[in-house]
Amino acid sequence: MERTELLKRLASETFDLLVIGGGATGAGVALEAASRGLKTALVERYDFSEGTSSRSTKLIHGGVRYLELAVKTFDKVQLNLVRDALHERATMIKNAPHLARPLWLLTPLYRVWEVPYYYTGLKLYDLLAGGARLQPAQFINAQGTLERFPLVKPKGLKGAVAYQDGQFDDARFNVELALTAAQQGAVVLNYAQVTALPKQNGRLVGAVVQDRLGGGEVEVAARVVVNATGPFSDAIRRMDDPSTPPLLKASSGIHIVLDKKYSPSDTGLLIPRTEDGRVVFVLPWQGATLVGTTDHPAPIVDHPRVSEEEIGYVLRQVKPYLGEIPREAVRASWSGLRPLVSRPEADTARLARDHLIQQSPSGLLTLTGGKWTTYRKMALDLVNYAVGQFGLQAGPSCTEQIPLLGGQGFVPDGAKKLKQMGFPPDVAQHLHQAYGSRAPLVAQIAAQGYDHRLAQEWPYLEAEVIYAARYEMAQTPLDVLARRTRLAFLDTSAALAAVPQVAELMGCELGWDTDRKLLEQEKARAQILEAI
């Protein structure tokens, strides 16, 4: 549906639920609500997944560290969070088999006492997963560890505990969540910012929404307004009530991208001990190596940057395990904010990722906290709460059985068919894993002369730019380079070089004049240089 038509619908219809925020949480709520028959709208001030939801460690996991904390402190909240997340991990892999899959992770051990400690902990992790578990954890000796991950420091190595978690493409998963919500009947719109929350007799009746591309404003009528803006939840709460106290602390996740030679293609590394008690992951991802950590206190800003000090920190933590990695090996870096429900006495590393639903006196529902893996459970709890509190008429939840757009009719060996159509193996595999059952649509566009790569070393095609603008609500070159493809997250230089090509293709598809194309190029370059 055209953007102008979506804006008309926002202005003319009355919705059961208006969701503010197009990250994982907001898109999850929109899908949960729409699939249960509720008239639903979602607005996002930037692009879907532009914030935290595209900047994760790319793991779908229960949280090994949270389990360790839960056992040490007898914390039932943390334990339940891990159990819920392990259940949701299986659901995400089932509903988006093209975007999510199991990944083996090794925890290398250099002290004898660590072997039973970590082995027992990861067996408990399996036990909590119950019927939703992946492959069982196992101990492998030093030789087996080096065979699986050759770069691990061999001196003093006692072996490793190998376990499985899930890995996914977070931004594409988020985009497909929003598109699947639209398929279920929701009105979803990016670049649409809430500027006011009008009330009647002290109760919220909707929101004023500004079209950040066209410049107009519409008033959206809704019975319930949901604040699902992640780290920015307190800003919306203050729009509702300027005197409200803050709910959140934020922590940052720092990530760098290295060449694929630093990790095997099918195995990651969990470094359990660092100089400040955090964990670090070394993961194969999208034909590269992703290294990152989380839980460092951070200010809440729109597009957080990674400092040279933070890059140095990450390289320093992996040095004892992988040896010296030069600064120039870092191809890209980014930082993302995590919303953590505030407890004054706790530091961010100890705050649970449990979620919170809060209702303000005016009726604003804020859903915050949580983690990527539990987005569906968060959405389920929120919609159930809204139905109970506001008397909405909704059917039973069915999101556990709803595959995302590219997962509908997914064929596991689809890459083979794409190879037979003449696509190189890396391109065929990429299209299959990024678009699932919709890959043939991209292939059809490529066959019309848009089969050139956006960057020589990477499998992304011109056809994906047109597909993103035509079918995935991409509005800017960076929507394509950062979130519909992942080039800007993988290779800063390659993404910068691709900007003119992407702007030209999008301009032709969306009807931009020369000035608009140049403006979009400038904006995209500036944001990539500022670490997306």
Side-chain angles (χ1 to χ4, degrees), residues 1 9 13 15-19 21-42 44 48-49 53 60 62 80-81 83-101 129-133 166 168 170 172-188 222-226 228 355 357 365 367 370-412 435-438 472:
M1 190 177 289
R9 286 192 62 189
E13 300 177 18
F15 296 92
D16 293 317
L17 241 70
L18 170 62
V19 183
T25 305
V29 171
L31 177 55
E32 179 69 31
S35 64
R36 293 170 70 170
L38 294 172
K39 200 168 178 61
T40 305
L42 177 148
E44 160 58 48
F48 308 117
S49 194
S53 296
I60 312 168
N80 288 337
L81 176 75
R83 185 187 286 112
D84 286 345
L86 289 170
H87 175 81
E88 294 301 323
R89 177 185 70 180
T91 302
M92 288 178 73
I93 292 171
K94 179 190 71 171
N95 286 344
H98 55 309
L99 296 174
R101 59 198 59 85
R133 83 174 190 185
F168 74 140
D170 52 2
R172 284 206 58 81
F173 197 109
N174 193 157
V175 168
E176 288 193 3
L177 263 181
L179 295 173
T180 308
Q183 190 184 57
Q184 292 288 327
V187 176
V188 300
R223 295 178 66 187
V224 182
V225 178
V226 178
H355 58 276
I357 298 169
L365 293 186
L367 174 61
K371 54 185 283 187
W372 228 120
T373 309
T374 57
Y375 83 88
R376 196 195 68 85
K377 174 70 163 56
M378 294 168 67
L380 174 64
D381 289 350
L382 183 285
V383 174
N384 284 346
Y385 181 90
V387 167
Q389 288 291 307
F390 294 87
L392 306 176
Q393 299 300 308
S397 177
C398 52
T399 47
E400 199 164 359
Q401 282 78 45
I402 295 178
L404 298 194
L405 219 55
Q408 298 164 5
F410 177 74
V411 180
Y435 301 94
S437 59
R438 295 172 73 84
E472 294 188 328

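Shown here for Leu365 and Ala386, the closest heavy-atom pair between the two residues is CD1-CB, 3.8 Å. Closest non-hydrogen pair, Ala228 versus Thr25, comes out as CB-CG2, 4.0 Å. Taking both residues in full, the closest heavy atoms of Ser437 and Gly407 are given as OG-N, 4.4 Å, listed atom of the first, atom of the second, then distance. Heavy atoms only, all atoms of each residue included: Asn174 and Ser53 are closest at OD1-CB, 3.1 Å. Taking both residues in full, the closest heavy atoms of Leu17 and Val29 are given as CD2-CG1, 4.0 Å, listed atom of the first, atom of the second, then distance. What you find for Lys371 and Ala85 is that their closest heavy atoms are NZ-CB, 4.4 Å.
The side-chain heavy atoms of Leu177 and Leu404, taken from C-beta on, include a pair separated by under 4.5 Å. Between Val187 and Phe15 there is a side-chain heavy-atom pair separated by less than 4.5 Å. Using a 4.5 Å heavy-atom threshold, the side chains of Arg133 and Leu86 count as separate.
Under the 3.5 Å distance criterion, with hydrogens and angles disregarded, a donor-acceptor pair is assigned to the side chains of Glu32 and Thr399.
Atom CZ of residue Arg36 and atom CG of residue Leu392 lie 10.0 Å apart, to the nearest 0.5 angstrom. One finds the CG atom of Leu405 at 13.5 Å from the CZ atom of Phe410 (value rounded to the nearest 0.5 Å). Atoms SG and CG, from Cys398 and Leu31 in turn, are 8.0 Å apart once rounded to the nearest 0.5 Å. If you take CD1 on Ile60 and CZ on Phe173, they are separated by 6.5 Å, rounding to the nearest 0.5 Å.
A donor-acceptor pair under 3.5 Å is absent between the side-chain atoms of Lys377 and the main chain of Leu81, judged by distance alone.
Between Asp16 and Lys39 no salt bridge is recorded (no basic side-chain N to carboxylate O distance below 4.0 Å).
By the 6.0 Å and 45° rule, Arg172 stacks over the aromatic ring of Tyr435.
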Take Gln408 and Thr180, measure what side-chain contact (heavy atoms from CB on, under 4.5 Å) needs, and give me the verdict at the end.
CA-CA 10 Å; Gln408 298 164 5; Thr180 308; 4.2 Å; yes
